[in-house]
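First up is the structure itself, then whatever we jot down about it.
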Amino acid sequence: MAQKPSIPKGTRDFGQVEMARRNYIFDTIKGVFSLYGFQQIETPAMENIGTLMGKYGEEGDKLLFRIQNSGEKAALAPEKGLRYDLTVPFARYVVQHREELSFPFKRFQIQPVWRADRPQKGRYREFYQCDVDVIGSDSLLGELELIQIVEEVYKRLGINVCLHINNRKILAGIAEVIGAPDKIVDITVAIDKLDKIGVEAVNAELLERGLSEEQVEALQPILKQESGIRNQDKLASLKEFLASSETGLKGIAEMEEIFEELSIVNCQLSIELDLCLARGLNYYTGAIFEVKALDAQIGSITGGGRYDNLTGIFGLPGVSGVGISFGADRIYDVLTELDLFPKALQSTTQVLFATFGKEELRYALTWAKELRAQGVAVEVYPEPAKMKKQMGYADSKQIPFVAIVGGDELAQGKVMLKNMSTGEQQLMEFGELVKALKS
RNA sequence: GUGGUCAUAGCUCAGUUGGCAGAGCAUCGGAUUGUGGUUCCGAGUGUCGUGGGUUCGAGCCCCACUCUCCACCCCA
């Protein structure tokens, strides 16, 4: 072998086993989305660079993959870039197709996105997002449905999770109350790291980001709120804290309504009002959520929130939406770590025809065609190789049955069906074969 | 973008102070010309990540680049 080929940094090949498992995740998620009337769309891998730039903050712009122009324009600045997430292209889609859509518009989208990040475990330069959004309605039922979807998806996948929920209006209220409304971004970025770096470090970072000693001190009740407290009690004490902030009280009212709706539908999901949850993206304006796997240490596996004006940047103001994104790659890692993938995801082939000669091979072809017409997945070993080899192939692909065709079978118009797990075999004609394979 | 780390057969990895490139697993062939998963026998494979340097001699030492993984930044 000469020079070995390779793939770009932070990208991956997916083999047969991996794809079977990935499709299991995608199919599970899609199945739940459909139950709520969400329909699938796709958008191009590349967008015009102007669509992407400035939407993800300074950091985001740096992580955008830009596509070099080709031909005569090669020396000019890039005019296209690879999509960085699915939400911004979705906003573009909604604005562009607004006349064709009926609102509220419920869509889901499962596609790869690209970030020029430095890869490490669980972080890639190409990875998949499964986004589900409802846009064009202020109703908090949107939040409710998404939470129900989270509940159902993880129930089906068998992963124990906790949904952390917060509200940007509450965060804004807190910033207002401590007299630093312009510092909301700095506050959220710092606060978000609480369970990672601890109270002391967060306080230090807050000071570094320009808050005064008094302001940091005023934040302490929020930072030190214990996780054992009931969500309702947290809201009650917050109400006092935020009494002077109209925005903050509105956030609380929203949360109260969401919790009320959740109890109406008897939601069993473990949900925690987490005032330290901030999430990076700045377009969120209302509820924000993040889902963490309880039995695996991998960070968040799903996240999202309400955004009131995402389409505004594309010239369509006043359209509110709410959405979440399932991190398929991380869900994959969690299922692997906890050994939760169903065992029988592999082999789709039910039966392999193994033959001894050209005539038998042709005979097998006609049987295979008939079987496929009956809905049975069939393979015919492409040459009359040694039986050992043909059996070995079936074995390595875990094909449960092998239909052996030799001179005797040919003469009798039958096949010898071998059960690969018990080793038993039996001579049978077509009708019996169909019956045996479909049972 | 900053700091560190890794790379040897298809895979997982040994390789001593610089002196002929190794093992297990997998693969292929045979034992067995109509029977796999177990057993036995046999076989093959390497630009030692890439390019340069030091040396009589480099998998090993030096420099650069690429890739892996990790901690920041940020994020799914």
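Within every chain, numbering begins at 1; the chains are lettered A, B, ... in the order of the sequence lines, protein sequences first and strands thereafter. Side chains are part of it too, since the values below use all heavy atoms of this structure and drop only hydrogens, waters and symmetry mates.
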>> Starting the side chain at C-beta, find the nucleotide from rA76(B), rU35(B), rG36(B) nearest to F127(A).
In response: rA76(B)

> Checking all strands, does S421(A) fall into the base, sugar-phosphate, or nothing category for heavy-atom contacts under 4.0 angstrom?
Replying inline: base

>> Please name the nucleotide paired to rA64(B) by Watson-Crick or G-U wobble geometry with both distances under 3.5 Å, or report none.
In response: rU50(B)

> What orientation do Y363(A) and W367(A) show, parallel under 30°, tilted 30 to 60°, or perpendicular over 60°?
Replying inline: tilted

>> Among rC74(B), rU68(B), rG36(B), which nucleotide has an atom closest to any side-chain atom of K9(A)?
In response: rU68(B)

>> Does either side chain, that of Q109(A) or that of D133(A), offer a donor lying less than 3.5 Å from an acceptor on the other one?
In response: no

> Looking only at atom C1', what distance separates rU5(B) and rC72(B), rounded to whole Å?
Replying inline: 15 Å

> Given that G392(A) and T11(A) both sit by RNA chain B, which one's nearest nucleotide is further toward the 5' end?
Replying inline: G392(A)

>> Applying the Watson-Crick and G-U wobble criteria at under 3.5 Å, what pairs with rG37(B)? Answer none if nothing qualifies.
In response: none

>> With hydrogens left out and only the distance checked, is there a donor-acceptor pair under 3.5 Å joining K418(A)'s side chain and the base of rU35(B)?
In response: yes

> What class does the angle between the rings of Y381(A) and Y393(A) fall in, given that below 30° is parallel, 30 to 60° is tilted and above 60° is perpendicular?
Replying inline: perpendicular

>> Taking the C1' atom in each of rG57(B) and rA21(B), what is the distance between them to the nearest angstrom?
In response: 16 Å

>> Please name the nucleotide paired to rA26(B) by Watson-Crick or G-U wobble geometry with both distances under 3.5 Å, or report none.
In response: none

> Between rC73(B) and K193(A), is there an OP1 or OP2 to side-chain N/O distance shorter than 4.0 Å?
Replying inline: yes

> With a 4.0 Å cut-off on heavy atoms, is K62(A) in touch with a base, just the backbone sugar-phosphate, or nothing at all?
Replying inline: nothing

> Is any side-chain N or O of Q120(A) closer than 4.0 Å to OP1 or OP2 of rA71(B)?
Replying inline: yes

> In whole angstrom, what separates Q426(A)'s CD from rG34(B)'s P?
Replying inline: 22 Å

>> Strictly distance-based, threshold 3.5 Å: is any side-chain N or O of K55(A) a donor or acceptor partner for the main-chain N or O of M53(A)?
In response: yes

>> Taking pairing as Watson-Crick or G-U wobble with both contacts under 3.5 Å, can you name the mate of rC72(B), or confirm there isn't one?
In response: rG1(B)

> Nearest-Å distance, OH (Y381(A)) to C1' (rG36(B))?
Replying inline: 12 Å

> Is the shortest distance from a Lys or Arg side-chain nitrogen in E152(A) or R156(A) to a carboxylate oxygen in the other one below 4.0 Å?
Replying inline: yes

>> Mind checking if S300(A) touches a base, just sugar-phosphate, or nothing, with heavy atoms under 4.0 Å?
In response: sugar-phosphate

> E424(A) CD to rG37(B) C1': how many Å, rounded?
Replying inline: 16 Å

>> Of the options rG30(B), rU68(B), rC73(B), whose atoms approach the side-chain atoms of K386(A) most closely?
In response: rG30(B)

> What is the distance, rounded to the nearest whole Å, between atom NZ of K388(A) and atom C1' of rU39(B)?
Replying inline: 10 Å

> When we call it a touch if two heavy atoms are under 4.0 Å apart, what does G407(A) touch: a base, just sugar-phosphate, or nothing?
Replying inline: base

>> Taking rU47(B) as the reference, what is the distance to rU39(B) when you measure between their C1' atoms (whole Å, please)?
In response: 39 Å

> In whole angstroms, how far is the P atom of rU2(B) from the CG atom of D117(A)?
Replying inline: 14 Å

> Quantified in whole Å, what is the C1' atom distance between nucleotide rG24(B) and nucleotide rC20(B)?
Replying inline: 23 Å

> Nearest to the side chain of R115(A) - rC75(B), rG37(B), rG34(B)?
Replying inline: rC75(B)

> Rounded to the nearest Å, what distance is computed from the OH atom of residue Y283(A) to the C1' atom of nucleotide rC75(B)?
Replying inline: 12 Å

> Given the C1' atoms of rU8(B) and rC74(B), what is the spacing between them in whole Å?
Replying inline: 36 Å

> With stacking defined as ring centroids separated by under 5.5 Å and planes differing by under 30°, is Y393(A) stacked against rG36(B)?
Replying inline: no

>> Taking any heavy-atom pair under 4.0 Å as a contact, classify G303(A): base, sugar-phosphate, or nothing.
In response: nothing

>> Just checking F326(A) against Y128(A), ring centres under 6.0 Å apart?
In response: no

> NA contact type, Q425(A), heavy-atom cut-off 4.0 Å: base, sugar-phosphate, or nothing?
Replying inline: base

> Between the side-chain atoms of D395(A) and the base atoms of rG37(B), is any donor-acceptor pair under 3.5 Å?
Replying inline: no

>> Does E409(A) contact rG34(B) through a side-chain donor or acceptor facing the base, at a distance under 3.5 Å?
In response: yes

> To the nearest angstrom, how far is D333(A) atom CG from rC69(B) atom P?
Replying inline: 11 Å

> Without hydrogens or angle criteria, can the side chains of Y56(A) and D85(A) be said to hold a donor-acceptor pair below 3.5 Å?
Replying inline: yes

> Does rG29(B) have OP1 or OP2 sitting under 4.0 Å from an N or O in the side chain of K389(A)?
Replying inline: yes

>> Regarding D329(A) and R123(A), does a basic nitrogen lie under 4.0 Å from an acidic carboxylate oxygen?
In response: no

>> What contact category does Y124(A) fall into here, base, sugar-phosphate, or nothing, at under 4.0 angstrom with non-hydrogen atoms?
In response: base

> What about R118(A), does its side chain sit under 3.5 Å from the base of rC72(B) through a donor-acceptor pair?
Replying inline: no

> Rounded to the nearest Å, what distance is computed from the CG atom of residue D192(A) to the C1' atom of nucleotide rC74(B)?
Replying inline: 11 Å

> Which whole number of Å gives the distance between the C1' atom of rA58(B) and that of rU16(B)?
Replying inline: 15 Å

> Under 4.0 angstrom, heavy atoms only, what part of the nucleic acid is G304(A) near: base, sugar-phosphate, or nothing?
Replying inline: nothing

>> If I pick the C1' atom on rC73(B) and the same atom on rG4(B), what distance separates them, to the nearest angstrom?
In response: 15 Å

> R125(A) or I404(A): which one's nearest nucleotide on RNA chain B is closer to the 5' end?
Replying inline: I404(A)

> So do the side chains of Q111(A) and T43(A) get within less than 4.5 Å of each other, counting heavy atoms only?
Replying inline: yes

> Can you tell me how far C1' in rA76(B) sits from the matching atom in rA14(B), rounded to whole Å?
Replying inline: 38 Å

